[in-house]
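One structure is given below, encoded as structure tokens.
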Amino acid sequence: MYQKQMLGGMSAKPTPPTHLPDPSNLRDVLAYWIRLKRVDKGWSQERLAMECDLDRTYVSAVERSRWNISLSNIERMALALQVEPWTLLKPPADSSRDK
């Protein structure tokens, strides 16, 4: 029950990315999709980290394009988010408009 309360409504509601990523920067593209898919599920970073068996600070750093991420961790996040791993690396169709 404690874990459920910690992951519940105690933090602010997750918000989607505010701008599209640079399509030539794969870390930005990955960060965009991970945050968007996480928010679509209504999950906090803690929840995603728990689902992937990763540390929350790692998830946060990946979402901020601060750290490189291994292919195996991309796969873990994709599995938790219920998407194909390659979709997390594909630039959004209209990301060139945001430049």
Side-chain angles (χ1 to χ4, degrees):
M1 178 142 157
Y2 174 72
Q3 189 176 29
K4 189 173 184 178
Q5 286 175 337
M6 276 185 43
L7 299 174
M10 297 181 94
S11 60
K13 183 178 184 219
T15 58
T18 56
H19 64 280
L20 293 170
D22 174 354
S24 66
N25 185 326
L26 279 180
R27 286 199 320 196
D28 286 350
V29 170
L30 177 67
Y32 171 86
W33 284 119
I34 288 174
R35 183 171 176 182
L36 185 66
K37 299 297 183 182
R38 175 179 64 77
V39 169
D40 284 349
K41 287 188 164 294
W43 289 356
S44 65
Q45 289 177 339
E46 285 106 342
R47 173 71 187 272
L48 177 57
M50 183 188 75
E51 296 289 333
C52 300
D53 196 27
L54 296 169
D55 190 86
R56 187 206 53 83
T57 59
Y58 180 80
V59 170
S60 173
V62 169
E63 282 193 9
R64 290 179 291 120
S65 301
R66 298 291 187 237
W67 291 351
N68 280 323
I69 180 172
S70 69
L71 289 174
S72 58
N73 284 343
I74 291 173
E75 186 175 40
R76 288 165 88 168
M77 289 187 166
L79 183 62
L81 295 168
Q82 299 176 319
V83 297
E84 292 292 326
W86 66 268
T87 64
L88 299 175
L89 298 173
K90 184 178 181 202
D94 57 355
S95 62
S96 61
R97 283 191 331 197
D98 197 44
K99 287 183 132 187

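Predicted model, so just to flag it, every value in this text is computed and none were measured. Only heavy atoms go into these numbers, but all of them, side chains included; no hydrogens, no water, no symmetry mates.
Distance check: Leu30 CG to Asn68 CG gives 10.0 Å after rounding to the nearest 0.5 Å. A distance of 13.0 Å separates CD1 of Ile34 from CZ of Arg64, quoted to the nearest 0.5 Å. Separating the OH atom in Tyr32 from the NE2 atom in His19 is a distance of 10.0 Å, to the nearest 0.5 Å. The distance from atom CE of Met50 to atom CG of Asp55, rounded to the nearest 0.5 Å, is 13.5 Å.
Judged by distance alone, the side chains of Arg35 and Thr15 do bring a donor and an acceptor atom under 3.5 Å apart. Side chains of Asn25 and Asp22: a donor-acceptor N/O pair is absent below 3.5 angstrom, by distance only.
In terms of heavy atoms, Pro14 sits closest to Ser44 at CG-N, 4.5 Å. The nearest pair of heavy atoms linking Trp67 to Ala61 is CD2-CB, 3.5 Å. In this structure, Ala78 and Leu88 approach most closely via the heavy-atom pair CB-CD1, 3.8 Å.
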- Mind running side-chain contact (heavy atoms from CB on, under 4.5 Å) on Met77 and Ile69 for me, showing each step along the way? CA-CA 11 Å; Met77 289 187 166; Ile69 180 172; 4.0 Å; yes

- Pair Val83-Trp33, side-chain contact (heavy atoms from CB on, under 4.5 Å): steps then yes or no: CA-CA 10 Å; Val83 297; Trp33 284 119; over 6 Å; no

- Between Leu48 and Lys37, is a side-chain contact (heavy atoms from CB on, under 4.5 Å) present by the stated rule, with each step listed? CA-CA 10 Å; Leu48 177 57; Lys37 299 297 183 182; over 6 Å; no

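In this structure, Pro21 and Pro91 have side chains that are not in contact, with every pair of non-hydrogen atoms separated by 4.5 Å or more. Side-chain contact check for Glu51 versus Arg47: some heavy-atom pair is nearer than 4.5 Å.
Leu71 and Leu79 fall into different hydrophobic clusters, where Ile, Leu, Val, Met, Phe, Trp and Tyr side chains are chained together by heavy-atom contacts under 4.5 Å.
More than 12 heavy atoms of other shown residues, nucleotides or ligands fall within 6.0 angstrom of atom NZ in Lys41.
Judged purely by atom type and a 3.5 angstrom limit, Arg38 uses its side chain to pair as donor or acceptor with the backbone of Trp43.
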